[in-house]
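Following: one structure in structure tokens, then a few remarks.
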Number of protein chains: 2
Amino acid sequence: MERKKTFTSYDVARLAGVSQSAVSRCYKSGASVSKKTRDKVEKAAKKLGYQPNALARSLITARSNSVAVIISNLTNLYYPEVLAQLSQYFSEKGMRVLLFAVDTESQVDGVLGQVLQYQVDGVIAAVKLTLEQIKKFEDRETPLIFYNRHINSHAASAVCCDQADGATVLTQKLIDFGHKKFAYISGPEDSMVGIERQKATLTTLEKSDISDYTIWNGDFSYDGATNATCKLMNEAKQKPDAIICANDVSAIGVIDTLRYEYNIKVPEDISVVGFDGVGPATWASFNLTTIRQPVKRMTKAAVEMMLERIDTPSLANEKRVFSGIFIEGNSAKI
Amino acid sequence: MERKKTFTSYDVARLAGVSQSAVSRCYKSGASVSKKTRDKVEKAAKKLGYQPNALARSLITARSNSVAVIISNLTNLYYPEVLAQLSQYFSEKGMRVLLFAVDTESQVDGVLGQVLQYQVDGVIAAVKLTLEQIKKFEDRETPLIFYNRHINSHAASAVCCDQADGATVLTQKLIDFGHKKFAYISGPEDSMVGIERQKATLTTLEKSDISDYTIWNGDFSYDGATNATCKLMNEAKQKPDAIICANDVSAIGVIDTLRYEYNIKVPEDISVVGFDGVGPATWASFNLTTIRQPVKRMTKAAVEMMLERIDTPSLANEKRVFSGIFIEGNSAKI
DNA sequence: TTGAAAGCGGTACCAG
DNA sequence: CTGGTACCGCTTTCAA
């Protein structure tokens with residue numbers, strides 16, 4: 001395969017009648033170049049359509065100006081927003097996003113090799129990593145920031161939303177209003193976020209001596225929630241008066257099923273709450289009572305932390321935990 | 001800033017007691033290396049946690065194994081799916097996706113410079129580009145494939161869904177059923193996709209001698225559609241019996257507004273149709289009658305075309321147009 | 001099959 | 001401020 005005929009700094013130098021070093025300097029901020037030289041170079045560069053080769057630059061500077069973003073399930077309504085934000089913020093800082101979308105966590109291992117090969121300056125992971133995997137990045141001094149997955153140990157930095165706190169607030173409000181019988185629509189078993197929400201919910205119930213609750217797996221998805229709701233309605237001895245869902249999409253699935261399959265009114269007959277604050281949560285059909293994750297602030301924090309650590313790799317790990325925002329919709333009597 | 005202490009092929013070579021070339025060969029498929037050498041190298045590599053530097057490799061091979069994906073509005077419900085698919089397919093072929101998310105088309109120009117600097121092997125653009133911009137890629141022989149934006153001229157390859165055809169099918173069905181008075185909720189004025197859908201819709205109406213229609217700008221968004229619907233209901237002389245929306249999200253906004261603001265039943269009182277086939281379209285609350293874009297097939301086609309062109313840059317431009325799939329929901333009497 | 005050496009397209013340090 | 005030169009880490013001839 002023959003090499004593409006793209007112009008290099010040498011071509012520009014020759015055309016401009018200066019040295020290659022001079023050309024290089026023109027593309028480096030804060031280098032001392034006389035106006036005359038710069039003009040000549042710019043003119044030649046424009047003529048040739050010259051663009052410096054970022055790869056060659058990265059090779060010597062050991063900075064690729066790119067970060068890897070590893071995301072597990074892009075179709076989750078909540079991630080696209082995160083991704084768009086990240087991409088925007090990094091772009092503003094002159095950094096590129098290398099996207100790694102895995103659909104099963106088992107793919108992660110394979111992906112990590114590639115991540116490393118690409119000499120990314122940092123990694124934002126919205127997937128679970130083993131300590132072993134984390135250590136690889138540590139060894140290379142490649143900053144790693146978890147997004148909404150925190151690790152028990154202090155092995156890595158993370159920005160996340162306080163799942164437990166949010167779930168507690170929501171649950172407590174339901175209890176305070178006087179709900180007695182609960183159902184919980186859970187997330188996937190291997191989702192840390194899901195587990196935390198569930199644990200906090202149950203703990204809160206039990207603190208108020210409420211043991212009348214059942215748990216049904218909803219898998220974070222609309223269809224999962226639909227199935228869970230049907231099971232709940234068919235198998236449970238009595239109907240709950242409040243259903244707490246692991247996320248918004250589940251809550252929407254629950255509401256739809258209650259309304260259209262069982263002719264049950266929400267919130268009059270049963271209260272339903274979600275978690276996330278995704279776009280559709282605010283749609284009139286649902287008007288979900290939920291906890292909104294402050295996505296913008298979270299991603300901004302992630303980007304800031306990343307840039308700091310790229311600059312100063314020795315920086316200690318840090319966790320930034322944001323509180324969710326209670327959104328009072330009209331899907332629950334609260 | 002000091003260079004990160006990452007191991008190179010020389011380190012591996014030294015530890016393994018072979019030449020650096022030998023190490024290199026071990027990482028190249030189809031190179032002749034004796035089993036003995038390979039074993040030594042692999043052992044040393046594992047010990048050091050060596051990963052070849054993809055940037056250095058790219059520099060010499062002139063192949064970065066990465067593709068730029070330029071997307072305008074990630075929060076559009078429809079793009080995340082596309083992006084996830086692209087990322088998956090490319091990943092399977094050993095290629096990485098460099099994501100460029102722009103939120104206004106004016107940012108495009110700045111982004112393109114970066115795209116070029118990164119020496120991507122190809123570009124998938126879900127944004128509009130000027131002929132000038134297209135030409136830049138041509139000059140560099142960097143394959144460019146448009147996703148759902150086709151250019152009038154044959155200046156570039158594209159994969160897209162037949163917007164006109166889909167809109168025509170939908171409209172014709174409404175007409176055939178006997179709807180007489182129409183409203184169209186349009187997309188943004190600068191969206192080619194929106195324009196095509198609208199044009200085909202109106203043409204179809206006029207072919208059946210229906211001139212009783214009004215147009216309201218919905219901007220492809222839920223809120224936009226909500227506003228448009230309110231305007232329509234307040235300002236139009238008479239209510240339409242069918243509302244054709246530029247996309248699903250608009251249709252959902254329309255349905256919600258009709259139901260909850262005006263107490264109008266869909267589809268009994270007014271039929272509503274969308275376009276795209278996004279996830280929420282199938283939710284029980286909406287059960288949208290719409291045209292689904294065959295996203296998987298489209299992205300797969302885009303990836304195939306891209307790989308072919310990376311391999312053989314001289315390949316002629318090609319457009320692959322997919323028909324949308326009519327989804328009969330329950331939001332329209334058809 | 002193996003190792004030596006010449007680049008790929010830049011950056012950075014150096015003396016002038 | 002400028003040009004010369006030694007790399008960055010790898011691939012790829014070319015001889016041995």
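Basis for what follows: all heavy atoms, side chains included, without hydrogens, waters or symmetry-related copies. Here is how names work: the chains are called A, B, and so on, in the same order as the sequence lines, proteins then strands, and each is numbered from 1.
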Quiz item: Which of residues 15-23 of chain B sit near DNA chain D, with a heavy atom under 4.0 Å from it?
Solution: B:Q20, B:S21

Exercise. Would you kindly give the CD-to-P distance between B:Q117 and C:dG9, to the nearest whole Å?
Key: 15 Å

Quiz prompt | Partners passing salt bridge (Lys or Arg N to Asp or Glu O under 4.0 Å) against B:E304 (at least two apart in sequence or in another chain) | solution = B:R320

Quiz item: Rounded to the nearest Å, what distance is computed from the CG atom of residue B:N53 to the C1' atom of nucleotide C:dG10?
Solution: 14 Å

Practice problem: Return the angle between end axes of the helix from C:dT1-D:dA16 to C:dG16-D:dC1, with five pairs used per end and rounding to 10°. | Solution: 40°

Practice problem: For C:dT1, take OP1 and OP2 only and decide whether either is under 4.0 Å from a side-chain N or O of B:S34. | Solution: no

Quiz item: Is the shortest side-chain N to carboxylate O distance from B:D39 to B:K43 below 4.0 Å?
Solution: no

Quiz item: CZ of B:F90 to CG of B:L307: how many Å apart, nearest 0.5 Å?
Solution: 6.0 Å

Quiz item: Are the charged groups of B:R309 and B:E318 less than 4.0 angstrom apart, N to O?
Solution: yes

Exercise. Take atom CG of B:L55 and atom C1' of C:dC8, then tell me their distance rounded to the nearest Å.
Key: 12 Å

Quiz item: Side-chain N or O of A:S32 less than 4.0 angstrom from OP1 or OP2 on D:dT2?
Solution: no

Quiz item: Is any side-chain nitrogen or oxygen of B:S9 closer than 4.0 Å to OP1 or OP2 of D:dC10?
Solution: yes

Practice problem: Determine which pairs satisfy salt bridge (Lys or Arg N to Asp or Glu O under 4.0 Å) with at least one residue from residues 130-139 of chain A, sequence neighbours left out, and list them in order. | Solution: A:K135-A:D139

Exercise. Could you work out which one of C:dC8, D:dT11, C:dT11 sits closest to the side chain of B:L59?
Key: C:dC8

Quiz item: B:F7 has an atom CZ; how far is it from atom P of D:dC10, in whole Å?
Solution: 12 Å

Quiz item: Rounded to the Å, how far apart are B:D39 CG and C:dT2 P?
Solution: 11 Å

Quiz item: Is any side-chain N or O of A:R25 under 3.5 Å from a base N or O of D:dG3, one able to act as donor and the other as acceptor?
Solution: yes

With a cut-off of 3.5 Å and sequence neighbours excluded, list every side-chain donor-acceptor pair involving residues 16-31 of chain A.
from: A:S19; atom 1: OG; to: A:S21; atom 2: N; distance (Å): 3.4
from: A:S19; atom 1: OG; to: A:A22; atom 2: N; distance (Å): 3.2
from: A:Q20; atom 1: NE2; to: A:S9; atom 2: OG; distance (Å): 3.1

Quiz item: Does D:dC10 have OP1 or OP2 sitting under 4.0 Å from an N or O in the side chain of B:Y50?
Solution: yes

Practice problem: Specify the separation, in whole Å, of atom CG of A:D11 and atom P of C:dC8. | Solution: 11 Å

Quiz item: What residues, two or more places apart in sequence or in another chain, satisfy side chain to side chain contact (heavy atoms under 4.5 Å, CB included) together with B:A68?
Solution: B:F100, B:V115, B:V120, B:V123

Practice problem: Please determine if A:D11 and A:R14 form a salt bridge, counting it only when a charged side-chain N lies under 4.0 Å from a carboxylate O. | Solution: yes

Self-check item: Presence of A:K28 side-chain N/O under 4.0 Å of C:dT11 phosphate oxygens OP1/OP2
Solution: no

Quiz item: When you measure from the side chain of B:Y10, which nucleotide among C:dT11, D:dC10, C:dG9 comes out closest?
Solution: D:dC10

Exercise. Identify the two heavy atoms, one from A:L55 and one from B:S64, that lie closest to each other, and give their separation to 0.1 Å.
Key: CD2-CB, 4.2 Å

Practice problem: Measure the distance from CZ on B:R14 to P on D:dC10 and round it to the nearest whole Å. | Solution: 12 Å

Exercise. For A:F146 and A:V127, work out which heavy atoms get closest and say how close.
Key: CE2-O, 3.4 Å

Quiz item: Over how many whole Å does the gap from B:R63 atom CZ to D:dC10 atom P extend?
Solution: 19 Å

